[in-house]
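Accompanying notes for the structure given below.
Note on naming: letters A, B, ... go to the chains in the order of the sequence lines (proteins, then strands), and numbering restarts at 1 for each one.
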Amino acid sequence: MSTLERYNAPATEAKWRAAWDEADLYAVADDDPRPKYYVLEMFPYPSGRIHIGHTRNYTMGDVVARYRRAKGFNVLHPMGWDAFGMPAENAAMDRNVHPADWTYDNIDVMRGQLKSMGLSLDWSREFATCDVDYYAQQQRLFLDFREHGLVDRQLAKVNWDPVDQTVLANEQVIDGRGWRSGAPVEQREMEQWFFKITDYAQDLLEAIDTLDRWPDKVRLMQRNWIGRSDGMAFDVRLTGAPDGFETLSIFTTRHDTMMGATFAAVAADHPLAKALAEKSPEVAAFCEECARLGTSQEAIDKAEKLGFDTAIKVIHPTNPNWTVPLYIANFVLMTYGSGAVMGVPAHDQRDLDFARKYGLDVIDTFVPLDTEERVADVAFVPPKTSKVKYVCWAGEPGTVTTCQKAMDWSLKRFTEDGWGKAKTQYRLRDWGISRQRYWGCPIPMVYCDACGLVPVPVEDLPVELPRDIDFSAPGNPLDRHPTWKHTTCPKCSAPARRETDTMDTFVDSSWYFARFTAPKADVPVHRQVMEDWLPVDQYIGGVEHAILHLLYSRFFMRAMEKSGYGSAPEPFKGLFTQGMVTHETYADPSGEWLFPEDVVWREGNPFHAKTGEPITVAPPEKMSKSKRNVVDPEAILSGYGADTARWFMLSDTPPERDIEWTDAGVDGAHRFVQRLWRLVHDAVGRGDSAGSGDGLALRKATHAMIRDVSADIEGLHFNRAVARVYEMANTLQKSLGAGDAPGAAYREAVDAMVRCFAPMMPHLAEECWALLGNEGFVSAADWPTYDPALLIENELTLPVQINGKKRAEVTVAKDAANDDIERAVLALDEVKRHLDGSPPKKVIIVPKRIVNVVA
RNA sequence: GCGGGCGUGAUGGAAUUGGUAGACAUACCGGACUUAAAAUCCGGAGGCCCAUAGGGCCAUGCGGGUUCGAGUCCCGCCGCCCGCACCA
């Protein structure tokens, strides 16, 4: 043993990766007869290098892929690159490199890094979304969607940077200013392309119920995002309004409070408000003020309710002689409902604040059952299921009923009266996909003065991005390009202009999982092949994509089905959202953030490695460049090896929670790599003949491990699977130390253990597998099976409680009768002592679990 | 504000339908090996109290409740985290 060299992880790992490549072990065929399993991790953005979060995400996916492969599935486990996006353009501006070169160089680096993790990926299916072959097919999908009525043009507000002359994404607006120019951002309305995701609002909502292998949290977030509310729509007549505005559309979900409406209000960007603003500078000024306040999130928090009395009167729908004033109000949203509301101060806090400020009436329509007190400063907004007493409504005053019943009744009544009608409203809005930038998929449309908007014919695809591009001036470089946008109309051949907007990069990631099923096809997907592979059985990624990416992908599958691409309504059958990787933060006395490698520890206290100053340590948080609490996985991979990094990522912390990266944890993982190596060496040294006895205890432990590790991996409880392997190693080592380990049982145990940790540490497993003299790759070996007969105990040791406290144990035959157990328990010294001579009040025996004696 | 989640040793965390709380790991302490250290191996360990073996009490954020039995279920607090946020 003393001569055994340490396991050289980096060298050994490289050897096995080369061997896997040589054997083309992870390539997958579409026509394989075994049952399919599609495991996918969210593909990375090629930012430059892999970060620690990637290693966690891809390790988890790889464990699942390797486990399923061993269980006899035909496993699709592909990798690609979410390669379009702003950082490439920023690099182009900052460093004068071409976005394509920057992106593809990054991909080369990151591909090498991912390969060094030993992931069992089918690299032959790799693609990047910026590959012309990919975005050409995406353009085709766009045209098909349009053909099927799923694309339209709508006016939409954008963040406009007046200095850079460009549209900004929300995350580029910091405190209301452009991130580059620092100029105050303006809201502009522009015509943009939209995917009509709202056509599927109800379907997307209902189908969430079928996603039973998604986290409840994500399902709830999607439900809230779609935001269905059932209410009533109606038109009210106006007096004193400009021509063309004789009526106003209103939406409400509380029609039971209609008789408490004391004012009406429209949004500042409502068409009526705009019409008034044209005639009145005062109105225009008010609306502008509202628009300014609107943008930043903080402002909304503090925003005071502001209103402008238009002097227009709204005729209450229930009574032609009853009018209420119409305001323009800053808290009414144009983007929800009809952009106009009836204000019911008694039962809505916003309306109440507004009413108090502008001296409007407050009419209680119902009161609590236990008090006659009327609304003062706090609106009375009971849950719809609460019973209240109605005092002023469309029904009999004094009625006691639930709000929901009153609403149902009111809706029926108002519908019969001929002015109200039931309406379902969604919070979800159509998906604006236009982006005014270069590094994205061009939208294949042409503007012709004679023919209007004309789609690029499919045979003319792809509309390829020009290579020569200039980032030295602000604005969209495609729009500025000297020749690119000039073309001829596909219909009339007259000179025409190309659409210079490109697609939101979320479009790229909305169907890549489908493209992996036929990555080289000259159509977006092959119908049959896609239907065979989809849905993805297990999708793994960050919770930050819980709404947009996952919802857009669900929409895409429906849109593709409608466009004739085959049926796979739900793209991801199983979803798992893993936690982040965190690290302590370090700051020097001046408050500067320090990298972990700049910190040295002396006697448990941290000091600056160079200056020797004491350092303050703050609790772990998400790794970020700004706080410098980052660890580069490259150093771990090349120093300790991939298996150590993988094992660490899977250990201790449940995968859905945040994991704290610590050097001690990594060292511990590496120590275990070395320890397993020694254990296996020892097994080989013993051969098959040494030892005595049948090793039953060891065999039981082995088979229990197989059962438990299998269940833990299947349930994605990787931390528990890791603990089971540790337990097995401890058991092996103990039986070894006791000198009673029979060779065959020991050999069986080691063999099973190697196969069980192979999905987690594939290189080490491969080396151990070879050392044990097995043929072929453990990566291609079957998953071990366990013998249930070995797990049945003939005798059971039951805990014995007295009055609910554990006092003793009793060992009985596994099928012992309750009478026998009771007799054995009452004979125990410990039990006698506590009973002190008197008979027990009761003895509760839970079969195979526990005995409780009630004294 | 609305919605959701989580509170267990020094630390990360285990714990079937309510049934032996603290598996496994990290850090720590002791021993062996070593000139020494590292590495390795063996062992210890929730807290408090009495103690010779051993025994007792208290312990899963806090306070109640249901139960033979509660980390787990119910009610009320406290704290932290996440999502949405003027959605009519």
Side-chain angles (χ1 to χ4, degrees), chain A residues 1-2 4 6 215-221 223-225 227-229 231 250-254 257 265 267 293-294 297 299-301 303-305 329-333 335-344 347-351 353-354 381 425-429 543-544 546-547 604 620 648 651-654 656-660 662-669 671-672 674-675 678 711 717 719-730 733-734 736-737 797-809 833 840-855:
Chain A
M1 278 294 279
S2 56
L4 181 63
R6 279 173 69 80
D216 289 342
K217 181 169 114 178
V218 174
R219 298 203 292 173
L220 189 68
M221 280 162 75
R223 271 191 204 103
N224 291 341
W225 189 261
R228 174 182 165 135
S229 25
I250 309 270
F251 175 73
T252 178
T253 54
R254 290 306 294 262
T257 66
L293 292 170
Q297 283 148 346
I300 291 171
D301 267 347
E304 205 184 343
K305 302 283 174 283
N330 67 340
F331 66 92
V332 180
L333 302 174
T335 50
Y336 189 79
S338 58
V341 299
M342 292 299 277
V344 184
H347 306 299
D348 182 295
Q349 192 58 45
R350 291 160 301 174
D351 294 348
D353 294 345
F354 192 82
V381 191
Q425 184 70 45
Y426 296 91
R427 207 192 77 115
L428 182 70
R429 288 190 275 149
V543 73
E544 66 273 19
I547 297 173
F648 172 79
S651 302
D652 298 338
T653 304
E656 68 276 12
R657 287 202 214 165
D658 291 352
I659 188 171
E660 187 192 352
T662 61
D663 291 344
V666 178
D667 287 341
R671 273 203 299 277
F672 190 59
Q674 297 289 348
R675 189 174 150 214
R678 284 192 301 274
H717 306 300
N719 57 316
R720 300 206 303 222
V722 162
R724 299 285 92 82
V725 175
Y726 270 113
E727 230 164 20
M728 191 68 229
N730 291 344
Q733 200 146 357
K734 271 208 182 76
L736 186 66
T797 301
L798 300 177
V800 176
Q801 295 183 333
I802 296 162
N803 292 336
K805 289 193 185 215
K806 191 205 160 191
R807 298 294 180 184
E809 284 181 344
R833 195 165 64 82
K841 283 206 189 95
K842 204 177 188 185
V843 178
I844 292 149
I845 297 171
V846 184
K848 294 177 182 169
R849 282 245 157 263
I850 203 165
V851 181
N852 192 13
V853 179
V854 185

For this session: Could you list the residues that satisfy side chain to side chain contact (heavy atoms under 4.5 Å, CB included) with A:Gln674, not counting sequence neighbours?
Result: A:Arg6, A:Tyr7, A:His670, A:Trp677, A:Arg678
For this session: Taking only the side-chain nitrogens and oxygens of A:Arg427, find out if one of them lies under 4.0 Å from OP1 or OP2 of B:rA85.
Result: yes
Exercise. Of all residues at least two apart in sequence or in a different chain, which pass the salt bridge (Lys or Arg N to Asp or Glu O under 4.0 Å) check with A:Glu660?
Worked result: none
For this session: Would you mind classifying the nucleic acid contact of A:Val854 as base, sugar-phosphate or nothing, using non-hydrogen atoms under 4.0 angstrom?
Result: sugar-phosphate
For this session: Taking atom C1' in both B:rG63 and B:rC86, compute the distance separating them and give it to the nearest angstrom.
Result: 38 Å
Exercise. A:Lys805 side chain: which of B:rU20, B:rC87, B:rC58 is closest?
Worked result: B:rC58
Exercise. Closer than 4.0 Å, any side-chain N/O of A:Gln733 to the OP1 or OP2 of B:rC41?
Worked result: yes
Exercise. Does A:Arg228 use its side chain to pair, donor to acceptor, with the backbone of A:Tyr426 at less than 3.5 Å?
Worked result: no
Exercise. So what does A:Thr662 touch, heavy atoms closer than 4.0 Å: a base, only the sugar-phosphate, or nothing?
Worked result: nothing
Problem set entry | Any residue meeting ring-ring contact (aromatic ring centres under 6.0 Å, His included) with A:Tyr726, in chain and number order, not counting sequence neighbours | A:Trp647, A:Phe672
For this session: Pick base, sugar-phosphate or nothing for A:Gln801, based on heavy-atom distances below 4.0 Å to the nucleic acid.
Result: base
Which protein N or O atoms sit under 3.5 Å from an N or O of nucleotides 70-73 of chain B?
none

Problem set entry | Secondary structure of RNA chain B in dot-bracket form (Watson-Crick or G-U wobble, distances below 3.5 Å, | marking inter-strand pairs) | (((((((..(((......[....))).(((((.......))))).(((((...)))))..(((((..]....))))))))))))....
Exercise. What residues form a salt bridge (Lys or Arg N to Asp or Glu O under 4.0 Å) with A:Asp652, not counting sequence neighbours?
Worked result: none
Exercise. Partners of A:Asp663 by side chain to side chain contact (heavy atoms under 4.5 Å, CB included), sequence neighbours excluded?
Worked result: A:Trp661
Pairs under 3.5 angstrom, nitrogen or oxygen only, protein versus nucleotides 6-9 of chain B, please.
none

Exercise. A:Phe251 has a side chain; which of B:rU26, B:rA88, B:rG43 sits nearest to it?
Worked result: B:rA88
For this session: State which of B:rA88, B:rC68, B:rG13 makes the closest approach to the side chain of A:Thr253.
Result: B:rA88
Seminar exercise, completed: Sorted by chain and residue number, the side chain to side chain contact (heavy atoms under 4.5 Å, CB included) partners of A:Asp658 (sequence neighbours excluded) come out as A:Met580, A:Thr582
Problem set entry | Partners passing side chain to side chain contact (heavy atoms under 4.5 Å, CB included) against A:Asp353 (at least two apart in sequence or in another chain) | A:Lys305, A:Gln349
Problem set entry | Residues forming a salt bridge (Lys or Arg N to Asp or Glu O under 4.0 Å) with A:Arg429, sequence neighbours excluded | none
For this session: Apply salt bridge (Lys or Arg N to Asp or Glu O under 4.0 Å) to A:Glu544 and list each qualifying residue two or more places apart in sequence or on a separate chain.
Result: none
Exercise. Do any side-chain nitrogens or oxygens of A:Arg678 fall under 4.0 Å of OP1 or OP2 in B:rC41?
Worked result: yes
